[in-house]
There are 2 protein chains.
Amino acid sequence: MAKSSITINDIARELKVAPSTVSRALNNSNKISNATKRKIVEKAEELGYNLNMVAASLSRSQTNTIGVVIPYLNNYFYSQVVNGIEELAFNKGYRILIAQTRDSFARETEIMRTMSATRVDGIIACLSADTQSTEHLFKLIKNNIPLVLFDRVSFDFPCKKVTIDNYNAMQQSVTHLARSGYKSIAHLGGPTTCNIYTEHSKAFRETLKKEKLPLIPQFHLSSDLTEEDISEAMQIWFSLKTKPDAIITASSTAALLVSKFAREQNLSIPDDLALISLTSEPALCYVEPQITSIELPGTEIGKTTLEFLLNEIQNGAQNANTTIKPFQLIIRNSSFRNS
Amino acid sequence: MAKSSITINDIARELKVAPSTVSRALNNSNKISNATKRKIVEKAEELGYNLNMVAASLSRSQTNTIGVVIPYLNNYFYSQVVNGIEELAFNKGYRILIAQTRDSFARETEIMRTMSATRVDGIIACLSADTQSTEHLFKLIKNNIPLVLFDRVSFDFPCKKVTIDNYNAMQQSVTHLARSGYKSIAHLGGPTTCNIYTEHSKAFRETLKKEKLPLIPQFHLSSDLTEEDISEAMQIWFSLKTKPDAIITASSTAALLVSKFAREQNLSIPDDLALISLTSEPALCYVEPQITSIELPGTEIGKTTLEFLLNEIQNGAQNANTTIKPFQLIIRNSSFRNS
DNA sequence: AAATAATATGCAAGCGATTGCATGAAATTA
DNA sequence: TAATTTCATGCAATCGCTTGCATATTATTT
């Protein structure tokens, strides 16, 4: 921090007024005459004064900073969400402090601790895949720091949440595949420690049943969706006597990998194999055929989440309800036969 | 900020010691006996004490926060860089404050201003595409805030920079295409307000000459690389009598769009058209054929940049040199004919 | 014109840490 | 044992800004 920086006291001294007057003038308080305001603003300009937010934060017990906690930055959906948050925050005069959990519970806990110390005005978080307990979240509440969760939420925890109907996303996907004549549908799901993926799983099982399609246990996988996980699953599935004729992946990266695998194995999508991704990213449209996917309103989710948070910051804790955002199943060429 | 939070004074009072003793104990100063340290740490635990970093920052004139300023978050390369920064920062006990310029100079200026006010300990930035002046950067220096630039840098400005040899990247790309027998090479470049793109342009022209290939002015484009820009360029180029037989794009998104265009027009890559991208993202490997590209060490760049910055924070301003990071031209199937 | 209200400014106490200096007690040296 | 260090702790100022309350000045009301 600059040692020699100009403070309101310097301005006050030069102008022979009280520091409090300078403070009020610079904050455009209506208790200061326009003449003095002008004088002060000019002098501030002249001296190159720059507000010390740290001091202001301490004195106001408010930092105008929002903590954003996400699993990974390097992910289309999350960066869309952060985009939405950042845009709105910037306009409302808030800064954002970002940290990645990298899906580690330990990191998440540590992050919440340091964000508490930093006295962020509130936190927006998408829980890590291996978050098992909510003790660290309760500590936030105890420290009076409002929290809003999105996407991967913990229904145990009493706070506002913004998410989508994951059950329905899977249901629509399975139904669409069934209507398109696919019979043995497989699912590459995410870790079941996470609400999203358990909702997917449930919907997968129930919708297959409703559509009178078989649920082949081997075709119902749950993993961390790493490149190895995907590749292993493909190896196994496509060396079976009855192979899947459709795959629903929980992540778009997984879908892209499946599409690549299919090309390498000369499996035609969508003729031999249909493909649907439950999340989306632009690359899905750059491959051939383009991949059917669930489009999530990332930016919109970010904005809504921040709106809720700002509301809590200004008006205190609100009801702990869950807002369900709409999604769209965008049908591209990977999920229905042209015939 | 929590109104009712526990302070070191509360701990001091309960234990009948001085606040300074508590502060020293919690900072593990060696001037406090182990017995009192233990007592204090226990009591802190018991009361649920959580350091107020805002107060600590004010009093220490140091926030342990690094500002990160990038054009867009939602971009593979930048998120890699931020990844590298975040990882190292976390380990070193620094937080990161992120802001996007969205390639607007006005926003960049405003961001630098608020980051100064926030008293970040230093700033890492990749300049916006339309940054014309460096006045806002000089203000940082005047405020004693160290700055390190990466990727899109301003050579006018005296500070450490981390970048790659963009001239060489283009040179290698053109040479590779020439050696592979492509004759009319086109370039979809970025805005020339940016050092990167002017370096590309220069190398493009000079290398074509060296390779005794024609420089067709129409094939040397500079734009913002939006979807419309690309699509327009394609329309025009492929309605000419002599069409390009190779395209070098400045962004990977542009490359993916070209690849999509080619597929739609039944142009075979690499037979009818070669394609090289001067930046990289995973999607380049998901399309068919996979796209040759320049791979940049994003995470590495992030780490190095932060290391330089931390060094300046600790030891004061250093020499304003530029560090050139190595890149790799990864040749995939889009840039040489199989024959 | 006296009484009241509105306006503009100053005073001083915070906000919650950190830290240089002083001090008393215990340990070491001569 | 007296003199000198070393060790552990406390005192009080400081970081730069905000804000409730007091006060002086000017404007409005009756």
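Quick note on labels: first sequence line is chain A, next is B, and so on, each numbered from 1.
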| Would A/S23 and A/S20 count as having a side-chain donor-acceptor pair, cut-off 3.5 Å? | no

| To the nearest Å, how far apart are A/N30 CG and D/dT19 P? | 13 Å

| request: Name the nucleic acid region contacted by B/V17, choosing base, sugar-phosphate or nothing; use a 4.0 angstrom heavy-atom cut-off, strictly under. | output: sugar-phosphate

| message | Below 4.0 angstrom, which residues in residues 32-43 of chain B have at least one non-hydrogen atom near DNA chain D? | response | B/I32, B/S33, B/T36

| query | Between A/K161 and A/C159, is there a donor-acceptor pair closer than 3.5 Å when you use the side chain of the first and the backbone of the second? | reply | yes

| field | Interatomic distance, A/N52 CG vs D/dG16 C1' [rounded to whole Å] | value | 6 Å

| remark: From the candidates D/dT18, D/dT9, C/dG16, the one with an atom nearest any side-chain atom of A/L51 is D/dT18

| field | Spacing between A/L15 atom CG and C/dG10 atom C1', to the nearest angstrom | value | 15 Å

| request: Give one of base, sugar-phosphate or nothing for B/T7, where a contact means two heavy atoms less than 4.0 Å apart. | output: sugar-phosphate

| Selected nucleotide, minimal atom distance to B/S20 side chain, candidates C/dA17, C/dT19, D/dC17 | C/dT19

| field | Side chain B/Q100, main chain B/L73, donor-acceptor under 3.5 Å | value | yes

| Any idea which of C/dA17, C/dT9, D/dC17 is nearest the B/A55 side chain? | C/dA17

| note | Between CD of A/Q62 and C1' of C/dC15 the distance, given in whole Å, is 13 Å

| field | Separation of C/dG10 C1' from A/N9 CG (nearest whole Å) | value | 14 Å

| query | Do you know the tightest heavy-atom contact between A/S128 and A/E108? | reply | N-OE1, 2.7 Å

| field | N/O donor-acceptor pair under 3.5 Å between B/T101 side chain and B/R107 backbone | value | no

| field | Below 4.0 Å: OP1/OP2 of C/dG14 and any side-chain N or O of A/S59 | value | no

| request: Starting at atom CE of B/M53, determine the distance to atom C1' of C/dG16, rounded to an integer number of angstrom. | output: 12 Å

| remark: Whole-Å distance, A/R119 CZ to C/dC15 P, equals 13 Å

| remark: Testing D/dC15, D/dT18, C/dC11 for proximity to the side chain of A/A18, the answer is C/dC11

| remark: Whole-Å distance, B/L58 CG to C/dT19 C1', equals 14 Å

| Think A/R102 forms a cation-pi with A/Y72, using NZ or CZ under 6.0 Å from the six-ring centre and within 45 degrees of its axis? | no

| said: Whether the side chain of A/R24 and the base of D/dG20 hold a donor-acceptor pair under 3.5 Å is what I'd like checked. | reply: yes

| task | Measure from the side-chain heavy atoms of B/T21 and tell me the nearest of D/dC15, D/dT19, D/dG10. | result | D/dG10

| remark: In terms of heavy-atom contacts, B/N64 and B/Q62 come closest through OD1-NE2, 2.7 Å

